[in-house]
Novice: 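Have a look at this one.
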Amino acid sequence: MSQNVFAPWDDPNAKPLIRFQNVTKRFGEFVAIDDLTLDIFEQEFFALLGPSGCGKTTMMRMLAGFENISAGRIELSGQDIGKVPPNKRAVNMMFQSYALFPHLSVWENIAFGLKRDRKSKEQIDARVAEMLKLTRLEKFAHRKPHQISGGQRQRVALARSLAKAPKLLLLDEPLGALDKKLRQDTQFELMDIQEQTGTTFVIVTHDQEEAMTVASRVAVMDEGRIIQVATPSAIYEYPNSVYVADFIGDVNIIEGKAKPAGEELFHLEWAEGRAPVKAASQQPFSEGQTAHLAIRPEKIRISTEKPEEAVNLFEGKVLDIAYLGNLSTYHVELPSGQVIKAQTANTRRLARRDITWEDPVWISWSATAGVMLDR
Amino acid sequence: MRRAALIAVPYFWLLVLFLVPFIIVFKISLSDAALAIPPYTPTLRDGIAAMFAEFDFENFVFLTEDDLYWKAYLSSLRIALLSTFLTLLVGYPIAYGMARAPEEWRPTLMMLVILPFWTSFLIRVYAWMGILSNEGLLNQLLIWLGLIGEPLQMLNTNFAVYVGIVYTYLPFMILPIYAALDRMDGSLIEAAEDLGCSRLQAFWLVTIPLSRNGIIAGSFLVFIPALGEFVIPSLLGGSGTLMIGKVLWEEFFNNRDWPVASAVAVILLLILVIPIVLFQRNQQKQAEAEQ
Ligand SMILES: Nc1ncnc2c1ncn2[C@@H]1O[C@H](COP(=O)(O)OP(=O)(O)OP(=O)(O)O)[C@@H](O)[C@H]1O
Ligand SMILES: [Mg+2]
């Protein structure tokens, strides 16, 4: 690791590129964005995650200048952009619906923005060629949008928004229609572009793996509010709420009553007559407070023999096995009826694995394996 | 077999309603005028053999000799072209406004555009006579406003003809343009603005090209009937208004020279074949693009 970790959000002196200050957006009575405050820094790769209809596109449209803000203010490089029309903002957006011009060829679509900048013909030719190469669309340059496939259209939209090399690029689900291989390639291309040009990216995605791969920070949204903003690893390892833990990746949630049991250590009473779950937490919980323990399946060990020593150890029965190729997820039913998911890497071939359905197994995890959450 | 039967229906329609009348008119145009009923010879009464025995192109030759006719054709073309253009100028903003109007308003606006069709065309043209005449509403209004002292001569001028044509054919212009604009995805304008276009540039570079087929269709729908228009120039136009439809009517009913009138009609049709074919091609291209 280099010493200079890119983390302007931790630097109190850093100036954000984008600053949302108590921004609210209403459509009639409906509140689409609810008192949102957020800083996004230059050269960030900022991912917006959230369920459908939570306001991701609305946020982008406010940045691009297509929606008026009902309350609050948005700053771009320190300037209020509330009154600046879309064509005067150094922002380009890739639309969720692509919005390709149907009467123009792929080439002309990509050149559209460059022509508005009155670039010379050579410059335009060179830039469009570069974009076509990047998105592997050279062969389709002279087709019209309706003559290419959905994934190709998505790439045209991406190329068109990239062509002007804007200061801020808004990508609304840019890779959704691509196959996995091409999506990964494009993700790395995007990261490369970002490194080369220093462009700030705000990207909406439904694919959390994608968010984890590309983003410097991830924001998880729900109903017009930002629930948590953090680096991908922090979001994954230290979610601030059950909602975030559940939204990002697979998780086991154990609900119970907290009971302090030493320094930063708690017992979670979670089922009548069973041993409490022991968990470490820096966040204090009072006696009897409801707490949720979120543990990722890969942090839970599963074995057929009883482990020698384990902080948390429970016996159960294998209910189901989800084979994911490199990993297997075991659904283990405890006598209380609760189902706990445990994940292991498939280091051995299928035939040589020893756990199958209905097998009695032991599951165990350490005190620091999970996070205790109060909501 | 069934497909052949299906295809036969439109062909039969075409045969009965277009080809047969056309052949009759064409036949008359090749006959001689006569004081008889019908006023030309030879007719079917002379026997089929005699009827088709001699074809006489003298009526067509006559059309080229009297410069009234080609002047009338040219003048019709000019009036039709100019009024098509004026209809476009008036119709496009209306269609644009309709397409931008709130969803719940659109059926009402559409109704309003079609509403004039519910009254007879003739009555509406007569109403314009009431509006444009020297003692008409418009002159009275202008005098009352103090803008003019003397009534303006508007009725029986080419101006009145343009007003009449634009008014009558406006819906034919609005509807195809509206259909094209309505289909257009609003985010395209946003994309254009996002890429650096001003509102006006976005309109020129995106909206106009995407409504092109509507503009072309509307223009043909106005131009084709306007070229042969006869009621409007004879009711609203003056003695100076020369249009081929009016000439045709006069040949037919005043001079009772059916062969010459038919020849005029045949030439008019030949002139119209060009825009009709172009129109069909535009429609076809549009249908292909939508697939
Ligand atoms: N023009 C509008 N008028 C009224 N409501 C709107 C409008 N645009 C968006 N909304 C509402 O605002 C909310 C947020 O919409 P938005 O498009 O931002 O969602 P999203 O997070 O992008 O969802 P998705 O992941 O499905 O694209 C939705 O409930 C939507 O119905
Ligand atoms: Mg969206």
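Below, chain A is the first sequence line, B the second, and so on; all start at residue 1.
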Novice: What closest approach, in Å, do A/A165 and A/R127 show between heavy atoms, and which atom pair accounts for it?
Specialist: CB-NH2, 3.8 Å

Novice: How about A/T186 and A/E189: does a side-chain donor come under 3.5 Å of a side-chain acceptor?
Specialist: no

Novice: Any side-chain donor paired with an acceptor under 3.5 Å for A/E44 and A/T200?
Specialist: no

Novice: Quick check for you: among B/I189, B/L195, B/D185, which has the greatest number of heavy-atom pairs under 4.5 Å with chain A?
Specialist: B/L195

Novice: Are there over 12 heavy-atom neighbours, none belonging to B/R199, within less than 6.0 Å of that residue's CZ?
Specialist: no

Novice: Heavy-atom pairs under 4.5 Å with chain B: which of A/Q147, A/R160, A/K164, A/H103 has the most?
Specialist: A/H103

Novice: Among A/M94, A/K144, A/M93, which has the most heavy-atom pairs under 4.5 Å with chain B?
Specialist: A/M93

Novice: Please report the shortest heavy-atom distance between B/I94 and B/V90, naming the atom on each side.
Specialist: CG1-O, 3.3 Å

Novice: Counting only heavy atoms closer than 4.5 Å, note whether B/A202 contacts chain A via side chain, backbone, both or neither.
Specialist: neither

Novice: Given that the side chain runs from C-beta out, which part of A/L104 has a heavy atom under 4.5 Å from chain B: side chain, backbone, both or neither?
Specialist: neither

Novice: Hey, which of A/G65, A/P102, A/A163 has the most heavy atom pairs under 4.5 Å with chain B?
Specialist: A/P102

Novice: Identify the heavy atoms of A/V91 and A/A64 that sit nearest to each other, and give their distance.
Specialist: CG1-CA, 4.3 Å

Novice: With a 4.5 angstrom heavy-atom cut-off, could you sort out which part of A/R89 is near chain B: side chain, backbone, both or neither?
Specialist: neither

Novice: Assess whether atom CZ of A/R136 is packed by more than 12 heavy atoms of other residues, nucleotides or ligands within 6.0 Å.
Specialist: no

Novice: For A/F95, which atoms come within 4.5 Å of any heavy atom of chain B: side chain, backbone, both, or neither?
Specialist: side chain

Novice: Using a cut-off of under 4.5 Å on heavy-atom pairs, state which of B/E190, B/Q201, B/M184, B/E193 scores highest against chain A.
Specialist: B/E190

